[in-house]
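Shown next, in structure tokens, is the structure this report addresses.
Just so you know, these numbers come straight off a predicted model, no measurement behind them. As a basis for the values below, the full set of heavy atoms in this structure was taken, side chains included, without hydrogen atoms, waters or symmetry mates.
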Amino acid sequence: MKVISRKQLPTQSHLGWKALIAYLALEHFNAPGWVWGVVGCIFALAFIGRIYYWCNEKETYINL
């Protein structure tokens, strides 16, 4: 898969914000332990998937 070079894009870290919001929501609603485990597992799988995606992409430079 070809993607635009990271040097030509603004920085993004959406997973961190989503994790923070999920943590605050779970704290607010006093979620039981199993819910924490499920949410943590989802974020762990998303993080692993993102690393796999980053390792398998080919960057393309665009002349501006």
Side-chain angles (χ1 to χ4, degrees):
M1 169 185 310
K2 290 185 178 180
V3 295
I4 298 173
S5 173
R6 292 195 204 295
K7 294 176 184 176
Q8 295 178 330
L9 294 173
T11 59
Q12 300 180 27
S13 67
H14 299 293
L15 193 59
W17 284 108
K18 290 177 184 175
L20 176 66
I21 291 171
Y23 173 78
L24 292 174
L26 292 174
E27 280 288 320
H28 178 73
F29 293 115
N30 291 329
W34 67 269
V35 175
W36 283 91
V38 169
V39 171
C41 188
I42 290 171
F43 277 104
L45 290 173
F47 183 70
I48 291 168
R50 177 53 68 181
I51 290 173
Y52 177 77
Y53 179 76
W54 283 338
C55 292
N56 290 323
E57 62 186 17
K58 296 176 183 144
E59 294 181 349
T60 301
Y61 291 95
I62 295 177
N63 296 328
L64 300 175

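- Here the options are Tyr53, Tyr52, Trp54, the test is side-chain hydrogen bond (donor to acceptor under 3.5 Å, both in side chains), and the partner is Asn56; only Tyr52 passes.
- Under a hydrophobic-cluster definition in which Ile, Leu, Val, Met, Phe, Trp and Tyr are linked whenever side-chain heavy atoms come within less than 4.5 Å, directly or via other members, Leu45 and Trp34 are assigned to different clusters.
- Using a 4.5 Å cut-off between side-chain heavy atoms of Ile, Leu, Val, Met, Phe, Trp and Tyr, with links allowed through other members, Ile42 and Leu24 fall into the same hydrophobic cluster.
- Residues Trp17 and Tyr23 fall within the same hydrophobic cluster, defined by Ile, Leu, Val, Met, Phe, Trp and Tyr side chains chained together at heavy-atom separations under 4.5 Å.
- Hydrophobic clustering keeps Phe43 apart from Ile48 (ILVMFWY residues linked when any side-chain heavy atoms are closer than 4.5 Å, directly or through intermediates).
- Closest non-hydrogen pair, Trp36 versus Ala31, comes out as NE1-O, 3.3 Å.
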